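Worksheet: one structure, shown below.
Nothing here was measured: the structure is a model prediction, and the numbers come from that model. The chain is numbered in sequence order, starting from 1. We count ligands from 1, going down the list as the structure has it; atoms in each ligand are counted the same way.
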Amino acid sequence: MSRRVLVLGAGHNGLVAAIHLAEHGLDVTVLEHAPRPGGASSSTAATLPGFVHDHCAAFVPMSAVSPALTELELEREGLRWVVPPLVLAHPFEDGSAIALHRDVGATVASLGRAGAGWEAAMERLLPLVGPLTRSILSPIPPGPSALRLAAGLGRDLPEWTRRMLGSVEALGLDLFDGDRRATAWLAGSAQHSGLPPSTTVSGAFGFLLQLIGHSHGWPFPRGGMGELAGALLARAERAGARIRCGATVARIETRRGRVAGVLLASGERIAADAVLSTVSAGVLVRLLPDGALPTRLDRQLRRWRYGTGAFKLDYALSAPVPWAAEEPRGAAVVHVGGELAALSAAAQAASRGEVPERPALVVGQQTLFDDTRAPAGRHTLYVYGHVPAARPEVSDEELAGRFEAQLERFAPGFRDVVLARAIRSTEQSERENPSLVGGDLAGGSYELDQQMIFRPALRLMRYRAPLRGLYVGGASTHPGGAVHGISGRAAARALLADLRLRPWRTR
Ligand SMILES: Cc1cc2nc3c(=O)[nH]c(=O)nc-3n(C[C@H](O)[C@H](O)[C@H](O)COP(=O)(O)OP(=O)(O)OC[C@H]3O[C@@H](n4cnc5c(N)ncnc54)[C@H](O)[C@@H]3O)c2cc1C
């Protein structure tokens, strides 16, 4: 094989892959549909001049624990992290709230009588956060880190495995001795996965995110998520990779049973020896010629399931949000939805295809900690909630109105501080980034049968396809969505290993 590689998608996984391939001397071109790189890790000027908004990803705890990103030392490219001490707050309609602080003691105090359960869980799991996160983020099988985790848990291993496999509702009620408000606080973090609180494995998502909240915080790049993409881009270009934006791949071409190059939507053909795709599984399969993949794999990818879509609002504000409760006024993230029953009702409605009357919202207040993102004294607000991908009966305006009514419920007077608002529907998200199918933020539902070796199919678990020259990474592959770069690195390593280029050496 000669050495020309096309990377599909300039999201963070595509850029991480490009860095590894180019640093090993390959001729790398990254092809990106959007006019700018970054994919779901970028920032925009969606509202008013001087305001910077995170387009999709905003808080990136998985970046902090991912060796695929930390080893790149992006701080050398000028990237600066902001790590707020008050990670998140979960307000209730009576004006109270529970907070997740970096500090365990402060969190335990905030939980009140449920705090003892969290304290005990943190005593057991915080010392194991290294092997735990490495096990989750390793390509399969996870190897020594999983063994260290198992040894560390000892006789508690079956109990914690059972808890992690269950729903966040079950986990919370178990940890907090039936306390429903503390369970709602934990369930708020599971919302980031898109899984409803009663769904299997949602417990693992909520718990892991909050555990990392203590060990590493939920950092975000100073200046916006675009700074992370910019740092990756700078590193990739320095290594010699070319990034072409506005280059939509319409077809992956094959010849004699192997990848031969791509056809762009513009009609341009580009020959290549290998294609490394980071686009979503349901998108990738439709780029391949009929019969390119074995029938069963082709069928699995065509039936890859996407979850609910993220409906997004960005605001420019004249002042911070006037939350009724005190804790959200100082928190980087606020989970809006209130009681456990309300969170469940919103998530269940969305998964049934109905638009929730009172949507559960993930809210970001980055400017409380980063003054580079708005003019002096002004603020941004980042808001999304899960809605059905197709919802003809509710207009974008009406849905935005429901989101705002929800914000007003927990922050009376919110509308008075709004200077400007930008709405991003699920359809627009998919138009801008075809990998966000139906607005799904995870690259495919995280239900158990789409996890680990099944993400997105058994025959792709080693990041290579049974079609010579085709490699796969991105959010649809293990370990899934979020900003960690693991699958971009793993796919690049698979390609380098096939070329016998000592993939473990990063310059
Ligand atoms: C609203 C929202 C909020 C989120 N919040 C968080 C968060 O706070 N923290 C977190 O860690 N994660 C978050 N995520 C998830 C995270 O952003 C993604 O899982 C991650 O960025 C995916 O990275 P990727 O490189 O695999 O794919 P992407 O970033 O999606 O990159 C894929 C790229 O491929 C391009 N592409 C697709 N089709 C083609 C084609 N045919 N030709 C050329 N290019 C193509 C796309 O335009 C895109 O740029 C969020 C996602 C969304 C949508």
Side-chain angles (χ1 to χ4, degrees), residues 6-18 29-42 53-66 69 189 191-194 209 212 218-220 225 228-229 232 243-252 262-266 275 277-284 286-287 307-314 332-333 362-364 366 382-387 424 426 428-444 446 472-477 479-489 491:
L6 299 176
V7 175
L8 263 56
H12 82 287
N13 273 309
L15 294 172
V16 167
T29 303
V30 184
L31 300 170
E32 169 54 49
H33 159 84
R36 59 163 196 276
S41 306
S42 52
H53 303 278
D54 290 334
H55 198 53
C56 293
F59 303 93
V60 289
M62 301 312 281
S63 299
V65 295
S66 169
L69 290 183
S189 292
Q191 279 183 85
H192 293 256
S193 70
L209 285 176
I212 300 174
W218 288 11
F220 55 83
M225 277 301 288
L228 174 65
L232 289 169
I243 321 294
R244 282 185 58 183
C245 292
T248 306
V249 175
R251 201 101 192 122
I252 296 172
V262 304
L263 172 67
L264 297 187
S266 62
V275 166
S277 167
T278 64
V279 305
S280 180
V283 174
L284 170 64
R286 288 170 178 83
L287 296 179
T308 50
F311 184 86
K312 174 106 188 303
L313 297 177
D314 284 301
V333 177
V362 173
V363 175
Q366 293 90 328
Y382 161 104
V383 181
Y384 76 81
H386 293 279
V387 301
R424 202 163 84 249
T426 54
Q428 189 184 340
S429 289
E430 185 173 342
R431 263 197 313 278
E432 291 171 356
N433 176 348
S435 276
L436 301 178
V437 177
D440 179 338
L441 53 66
Y446 282 133
V472 289
S476 298
T477 60
V483 180
H484 46 65
I486 292 289
S487 62
R489 179 178 77 164

Q.
Return the closest protein heavy atom for atom 11 (O) of ligand 1 as residue, atom name and distance.
A. Val483 N, 3.0 Å

I'd like a table of donor-acceptor pairs (distance under 3.5 Å, sequence neighbours excluded) in which one partner is a side-chain atom from residues 8-18, with atom names and distances.
from: His12; atom 1: NE2; to: His484; atom 2: N; distance (Å): 3.1
from: His12; atom 1: NE2; to: Gly485; atom 2: N; distance (Å): 2.9
from: Asn13; atom 1: OD1; to: Ser487; atom 2: OG; distance (Å): 3.4
from: Asn13; atom 1: OD1; to: Gly488; atom 2: N; distance (Å): 3.0

**Q.** His192 NE2 to Trp218 CH2 distance, which is reported to the nearest 0.5 Å
**A.** 4.0 Å

**Q.** Of the listed options His33, Glu32, Arg251, closest to atom 47 (O) of ligand 1 (non-hydrogen atoms)
**A.** Glu32

Q.
Could you check whether any heavy atom of Leu8 sits closer than 4.0 Å to an atom of ligand 1, since that is the contact criterion I want to use?
A. no

Q: Can you sort out which atoms of ligand 1 are near Gly474, meaning under 4.0 Å from one of its heavy atoms?
A: 26 (O)

Q: Around atom 31 (O) of ligand 1, find the nearest protein heavy atom and jot down its residue, atom name and distance.
A: Gly11 CA, 3.4 Å

Q | Leu264 CG to Arg251 CZ distance, which is reported to the nearest 0.5 Å | A | 13.5 Å

Q) Is the shortest distance from a heavy atom of Ala442 to ligand 1 less than 4.0 Å? A) no

Q. Nearest to atom 32 (C) of ligand 1, what protein heavy atom do you find, and at what distance?
A. Ser435 OG, 4.0 Å

Q | From CZ (Arg286) to CD1 (Ile252), nearest 0.5 Å | A | 13.5 Å

Q) What do you reckon, does Ser41 put a non-hydrogen atom under 4.0 Å from ligand 1? A) yes

Q: Output yes when the distance from some N or O of ligand 1 to some N or O of Asn13 is under 3.5 Å, and no in every other case.
A: yes

**Q.** Asp54 vs Phe59 side-chain heavy atoms within contact, under 4.5 Å
**A.** no

Q) Does Ser280 have any side-chain hydrogen bond (donor to acceptor under 3.5 Å, both in side chains) partners at least two apart in sequence or in another chain, and if so, which? A) Tyr306, Ser476

Q: Say whether Ala40, considering both its backbone and side-chain N or O atoms, lies within less than 3.5 Å of an N or O atom on ligand 1.
A: yes

(Q) Nearest 0.5 Å, please: how far is CZ in Arg36 from NE2 in His55? (A) 5.0 Å

Q. Does some side-chain heavy atom of Ser429 sit less than 4.5 Å from a side-chain heavy atom of Tyr384?
A. no

Q) Is the closest heavy atom of Phe311 to ligand 1 under 4.0 Å? A) no

Q: Just let me know how Pro37 lines up against ligand 1, side chain, backbone, both or neither, with a heavy-atom cut-off below 4.0 Å.
A: neither

Q | Candidate with minimal heavy-atom separation from atom 7 (C) of ligand 1, of Tyr384, Trp218, Phe220, Phe59 | A | Phe59

Q: Could you tell me which non-hydrogen atom of Ser277 sits nearest to which non-hydrogen atom of Leu284, and how far apart they are?
A: OG-CD1, 3.6 Å

Q: Within a distance under 4.0 Å of any heavy atom of Gly481, pick out the atoms of ligand 1 and give their elements.
A: 19 (O)

Q.
Are any of the N/O atoms on Ala482, whether in the backbone or the side chain, positioned under 3.5 angstrom from an N/O atom of ligand 1?
A. yes

Q: Measure from atom 14 (N) of ligand 1 to every heavy atom in Ser280, Ala57, Gly38 and give the option owning the shortest one.
A: Ala57

Q: Drop me the distance from Thr477's OG1 to Ile486's CD1, to the nearest 0.5 angstrom.
A: 10.5 Å

Q: For atom 51 (C) of ligand 1, grab the closest protein heavy atom and report residue, atom and distance to one decimal in Å.
A: Leu441 CB, 3.4 Å

Q: Among Leu436, Leu441, Val483, find the one that has a side chain to side chain contact (heavy atoms under 4.5 Å, CB included) with Cys56.
A: Leu436

Q: Select one of side chain, backbone, both or neither to describe which atoms of Leu31 lie under 4.0 Å from any atom of ligand 1, heavy atoms only.
A: backbone

**Q.** Polar contact flag for Lys312 and ligand 1 (N/O pairs, less than 3.5 Å)
**A.** no

Q) So which protein heavy atom does atom 3 (C) of ligand 1 come closest to, and at what separation? A) Cys56 O, 3.2 Å

Q) Using heavy atoms and a threshold below 4.0 Å, how should the contact between Tyr382 and ligand 1 be classified: side chain, backbone, both, or neither? A) side chain

Q: Give the numbers and elements of all ligand 1 atoms closer than 4.0 Å to a heavy atom of Gly39.
A: 29 (O), 48 (C), 49 (O)

Q | Polar proximity ligand 1 side, Gly14 side, N/O cut 3.5 Å exclusive | A | no

(Q) Evaluate Asn433 for polar contact with ligand 1, using N/O atom pairs at a separation under 3.5 Å. (A) yes

Q: Please write down residue, atom name and distance for the protein heavy atom closest to atom 27 (O) of ligand 1.
A: Thr278 O, 4.4 Å

**Q.** Heteroatom distance test (Gly439, ligand 1): nitrogen or oxygen, under 3.5 angstrom
**A.** no

Q) Judging by distance only, is a nitrogen or oxygen of Ala310 under 3.5 angstrom from one on ligand 1? A) no

**Q.** Exercise: identify the closest heavy-atom pair between Arg431 and His33
**A.** O-NE2, 3.0 Å

Q) Shortest non-hydrogen contact from Phe220 to Ala332? A) CE2-CB, 4.3 Å

Q) What protein heavy atom sits nearest atom 34 (O) of ligand 1, and how far off is it? A) Gly9 CA, 3.2 Å

**Q.** Side-chain donor/acceptor of Asp440 to backbone N/O of Gly307, under 3.5 Å
**A.** yes

Q | Closest candidate by heavy atom, reference atom 36 (N) of ligand 1, pool Leu287, Leu209, Val279, Ile486 | A | Val279

Q. Out of curiosity, Arg424 CZ to Glu430 CD, how far, rounded to the nearest 0.5 Å?
A. 12.5 Å

Q: Looking only at protein heavy atoms, identify the closest one to atom 42 (N) of ligand 1 and say how far it is in Å.
A: Val249 N, 2.9 Å

Q) Could you go step by step and tell me if Ile212 and Met62 meet the side-chain contact (heavy atoms from CB on, under 4.5 Å) rule? A) CA-CA 8 Å; Ile212 300 174; Met62 301 312 281; 3.7 Å; yes

Q: Could you check if a side-chain atom of Val279 sits within less than 4.5 angstrom of a side-chain atom of Pro434, using non-hydrogen atoms only?
A: no

